[in-house]
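Values below: every heavy atom of this structure, side chains too, minus hydrogens, waters and symmetry copies. None of the values given here were measured: they were computed from a predicted structure. Each chain gets a letter, A, B and so on, in the order the sequences are listed, and its residues count up from 1.
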Amino acid sequence: NAGVTQTPKFQVLKTGQSMTLQCAQDMNHEYMSWYRQDPGMGLRLIHYSVGAGITDQGEVPNGYNVSRSTTEDFPLRLLSAAPSQTSVYFCASSPGQRGGTQYFGPGTRLLVL
Amino acid sequence: DQQVKQNSPSLSVQEGRISILNCDYTNSMFDYFLWYKKYPAEGPTFLISISSIKDKNEDGRFTVFLNKSAKHLSLHIVPSQPGDSAVYFCAARTSGGSNYKLTFGKGTLLTVNP
């Protein structure tokens with residue numbers, strides 16, 4: 001199993017550009033989530049999904065969209081990037097729907113100029 | 001409002017000694033707690049967890065203690081090894097209703113010196 005994979009590993013955007021961060025898992029996990037990690041802020045939940053077709057907002061959802069058309073994939077979309085979205089983004093998955101023990105991907109480092 | 005607090009940003013210990021990482025929480029509805037370990041440029045990895053029906057859980061060198069009355073948990077690493085040097089995150093979750101969210105603390109950087 002590859003576990004949780006994320007692409008790209010690193011991305012530079014200009015303010016106002018859009019992009020999609022990809023996340024995939026091959027463990028047939030129902031629960032998937034996106035976090036951002038900023039210095040001194042820990043991990044903050046952006047959006048999560050408890051199954052295909054079901055998504056909900058986390059702690060810091062503004063500026064991000066998600067969809068879950070399949071069990072395996074959970075892309076995160078930035079519609080109009082802002083410098084405040086410069087961060088490291090982690091995708092995670094968990095068996096079941098309660099988001100307990102989560103398995104994290106390696107992260108995507110995003111720089112918005 | 002920070003519901004999960006790790007008040008020590010960093011901790012330094014000697015190899016072979018005990019490392020104690022602390023975590024406090026304010027939400028009395030939290031009933032499941034986890035510790036994650038993170039190396040630089042990698043995603044967090046699950047370390048150990050504890051349910052609120054227990055006050056201790058042990059896995060090899062790692063033990064988590066939960067004091068519900070004080071809303072406090074701690075992670076003990078004995079003996080500490082240089083490979084344990086990483087950022088440790090405490091996380092908490094409620095199991096009731098439709099809340100499926102993990103709330104993380106800000107992390108504690110542990111350095112184990114040879």
* To do: Could you tell me which portion of B:A41 (side chain, backbone, both or neither) has an atom closer than 4.5 angstrom to a non-hydrogen atom of chain A?
  => backbone
Over 12 non-hydrogen atoms of neighbours within 6.0 angstrom of [atom1] in [X]:
{"X": "A:R44", "atom1": "CZ", "answer": "yes"}
{"X": "B:K68", "atom1": "NZ", "answer": "yes"}
{"X": "B:R17", "atom1": "CZ", "answer": "no"}

* Part of A:Q6 lying under 4.5 Å from any heavy atom of chain B -> neither
* Asked: Quick one: of B:G43, B:G105, B:S49, B:G107, who has the most non-hydrogen atom pairs under 4.5 Å with chain A?
  -> B:G43
Answer with yes or no whether the hydrophobic clustering places [X] together with [Y]; edges join I, L, V, M, F, W, Y residues whose side-chain heavy atoms lie under 4.5 Å apart.
{"X": "A:V66", "Y": "A:V60", "value": "yes"}
{"X": "A:F74", "Y": "A:I46", "value": "yes"}
{"X": "A:V112", "Y": "A:L21", "value": "yes"}
{"X": "A:Y31", "Y": "B:F33", "value": "no"}

* Give a yes or no answer on whether the side chain of A:Y48 reaches the backbone of B:L102 with a donor-acceptor pair at less than 3.5 Å. => no
* To do: For A:M41 and B:K106, work out which heavy atoms get closest and say how close.
  => C-CG, 4.0 Å
* Work out which heavy atom in A:F90 is nearest to a heavy atom in B:K38; give both atom names and the distance. => CZ-CE, 3.4 Å
* Gap separating the CG atom of B:L34 from the CD atom of A:Q102, nearest 0.5 angstrom -> 8.5 Å
* Asked: Atom CZ of B:F89 and atom OH of A:Y35: how far apart are they, to the nearest 0.5 Å?
  -> 11.5 Å
* Structure fact -> With chain B, the option among A:S33, A:G107, A:G40 that has the most non-hydrogen atom pairs under 4.5 Å is A:G40
